[in-house]
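Written out below as structure tokens is the structure these notes cover.
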Amino acid sequence: MARYALLKLLYAVPTLFAVLLLVFVLTRVIPGDPAQLILGDQATPEAIAALRTQLGLDKSIPLQFLDFLVGVLHGDFGSSIVTGQSVVSLAAAVLPSTLELTVASLVVGVVFGVPLGAWSAMRRNRLPDIAVRIGSLIGLSLPAFVFGILLLVVFAVQLGWFPVIAPSGDVSVFEDLRALVLPAVTLGILMAAYITRVTRSSMLQVLGEDFIRTARAKGVPWWRVVRRHALRNAIIPVVTVVGLYLGVLIGNSVLTEMVFNRPGLGKLIVGALAQRDYPVLQGLMVLYTLLIILANLITDLAYGVFNPRVRFA
Amino acid sequence: MKLRIEGLSIVKFGGAALLALALAHPASAAEKVIRVGMATGDIGKMDPHVAAGTPEKTLFTWVFNGLVRIRPGEANPQFIEPDLATSWEHSADNLTWTFHLRKGVQCHGGYGEFTADDAAYSLMRAADPKRSSFSSDFKAISGVEALDKYTLKITYKEHVPSVLGYLVNIQGGNMVCKKAAEEMGADFAKHPIGTGPFMFQEYKPQQEVVLVANPDYFRGKPKIDRIEYKFIQAIASRDLAFEKGELDISYGRSDQAWYDRMSKLKDASVVTTEPTELYTLHLNQSHKPLDDLRVRQAIAMSIPRDAIVKYRGERIARAAKSVVPQGYLGYADTPMLPYDPKKAKALLKEAGYPDGIKLHVVQTSLGVMRDTMEVLQGQMRKAGIDLDLQIVEHATFHADIRKDKSDAVLYAASRFPIADIYLSQFYDSASTVGSPTAVTNFSHCNVADAEIRAARTETDAEKQLAEWKLAQKKIIDNVCSVPVYELFDAWALSNRVKLGYTLTGAPGRGIPLLEETTID
């Protein structure tokens, strides 16, 4: 298994290189001058030219790319050209918050999604099924800035159970978790909707299999058939979806981060793009690609846990 | 009877809750903290000579001083008063200025006393294009010299419109401490050191900057202990956080609906501040058919200024009265062509466009800029002027309009406090985009060069005002641009905050929090 994991990570190197090359070229091809954006509209052309030289932006793109690669191989991702903070320190400052939100919304997604999906499948075309299907459709189409604000108005402002903006500084674990609830629900509802739908269709397929009928015919109680035979077999496609969406969650969290004012990778990327902060964009792309590869790896390994027939060679 | 019991229990419950809160946060009772919410995802370089955005400028208001300042709460250069300098005099030709500095002022973080040496360093730094975004404000300076520890001499090559106006505590006029800036180098932008009432303490990416009271502040130790300056990009979140009391001061949105909604909140007030941002439609005369004065006049007559102000909100905006915002030194109320779509159509016909004209306009996707343009589009259509809007993301917009890609450019800007800055950057032909000395002259205007330049070096104040007035008239008469409206900054303030002065203006954009500012 360790060999398998290592191999997967090695495969990631060319992917990483391709992603970097793409990001590097794309960011520099689109219009917009970081020097102009930093210095503002009153700066003289002389000042802008000086800053471009200082930032190394006057060099050719291949040369800039080479400089960047050499830096990366030395473990140096450079510094933000907007704030001057090192890319590593910026990413390190927000990564825990992103991981926390991702894991929490994943938990919300699984806790609500799997039982609802299974329930819906067992009550196919009856009221619970229809309700769950409509509910998951709403969950899928509710944008974070609507659902998040709604949650804030009700649970933070009216009821006062949660803070509107995440507390910063040294706060207790309890305070930290309290501030996590609403964002996790906002982002998790999307996850839950997906998981519900996948669980439902997967369950429907499994429930139609011969071994379910056999188990029923043997006289195994219904709830046991569902738990031990059906759900266990239906869960593999769900794990795949969770794995795929883990990557999407890391990137998609930007709206949730904005509404709840949480620091995070999504916000960092969007901010860096708006400011044409090349070093931050590049550094984050490396990190982002690594996170997605890691998420896929964990998914692969999870198959083995749920289905012992899966072997790693 | 029942009511009374209920009321009583609420009081009891409230009391218990308060007690619990007090126990949970033993420090909160003693510590006075003001939490400010700003519309940004993060803060940029915290170097006052570099950053030009409102989020950064707001921070500088609390950390830095100038040699002089505009009386807190005002945004008018007529209220200039001593700050780090206590007095000043100038030679008869106005070219040599001597400033006498306050004694015993301490730089933050133990960087020692602020002396004439620091002031000289700071000015040279602000005048250096390699280290400053505002170097053009100081290009007339020929020498800065510390005569002794507390005396600073500045000599000018030529007369400048307002020496003191450039030395107030905004932008390049902010005084940095030499030792700190030199020792820290690039890190200074991550840890600003000034002499102001509040000291930088900590920066948390995408979250906040924490500032603490400067115990050695020369006007006295501030009454508040700490400022938590929070970056909250989404206006809805900022509003909710303010409503719930998680913020004491919140940067608002400049529209009437926001103003009305926030005005209804209990224990809070909404304040609009000057300097305003002037929204101007610059007409690119290097593009056909805008080279024809009649076409430009038709455009000017197709814009109903008052209706747009009404749409934007009368407490938030006011109609433009010149190509320079009101309140600046040198501003002159200049009559403009009245709104008359029929006459506009006739003018277009006369110019050879009986079917109207079509203009290609590159427009940013950014909120107020974009919807102003869309309103203009709808209004101008009535006069046969069709705007073909190409909506692009903000950074692309800035790049494209500097390459002459747009027939008309809607631009919002504040260049407080002197008319010269506005006129020079937007209407002097030397500032035309594409030229080596380009700034923001998008219209290729060149009709008032003589007046703008004469006013810049005119020593007689009366004559200088007359030159500025004539420049504004010439620009308006030639319709280099159509000034539309001025937009105020809007803030929501908790009534618990006692600023210690009356707020009508904030020259540095941010609300000054001073030594006397406190919170109940």
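In what follows, chains carry the letters A, B, and so on, assigned in the order in which the sequence lines appear, proteins first and then strands, with residues in each chain numbered from 1.
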Is [X] in contact with chain A via its backbone, its side chain, both, or neither, using a 4.5 Å heavy-atom distance?
X	result
B/Asp128	neither
B/Arg415	side chain
B/Tyr411	side chain

Donor-acceptor pair, distance only, cut-off 3.5 Å: does the side chain of [X] make one with the backbone of [Y]?
X	Y	value
B/Glu243	A/Val157	no
B/Glu246	A/Val164	yes
A/Asn261	B/Gln207	no
A/Gln85	B/Lys190	no

Under a 4.5 Å heavy-atom cutoff, which of [options] has the most pairs with chain A?
options	result
B/Pro436, B/Ser431, B/Ala241	B/Ala241
B/Gly53, B/Ala52, B/Gly44, B/Ala399	B/Gly44
B/Glu202, B/Arg402, B/Arg238	B/Arg402

Identify which part of [X] has an atom lying under 4.5 Å from any heavy atom of chain B, answering side chain, backbone, both or neither.
X	result
A/Leu51	neither
A/Ile48	neither
A/Val259	both

Worksheet entry | Interatomic distance, A/Met258 atom CE to B/Ile235 atom CD1 [nearest 0.5 angstrom] |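 One gets 14.0 Å once the value is rounded to the nearest 0.5 Å.
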
Practice prompt. Could you grab the distance from atom CD of B/Glu208 to atom CD1 of A/Ile165, nearest 0.5 Å is fine?
Written response: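 Going from the CD atom of B/Glu208 to the CD1 atom of A/Ile165 covers 8.5 Å.
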
Worksheet item: Can you name the nearest heavy-atom pair linking A/Val82 to B/Lys45, along with the distance?
Response: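 Where A/Val82 meets B/Lys45 most closely, the heavy atoms are O-CG, 2.7 Å.
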
Worksheet item: If you count heavy-atom pairs under 4.5 Å with chain B, which of A/Ala274, A/Gly271, A/Pro163 comes out on top?
Response: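 If we count pairs closer than 4.5 Å to chain B, A/Pro163 comes out on top.
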
Discussion item. I want to check something: taking the side chain as every heavy atom from C-beta on, are B/Thr396 and A/Arg276 in contact at a cut-off of under 4.5 Å?
Written reply: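 They are in contact (side-chain heavy atoms under 4.5 Å apart), so the answer is yes.
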
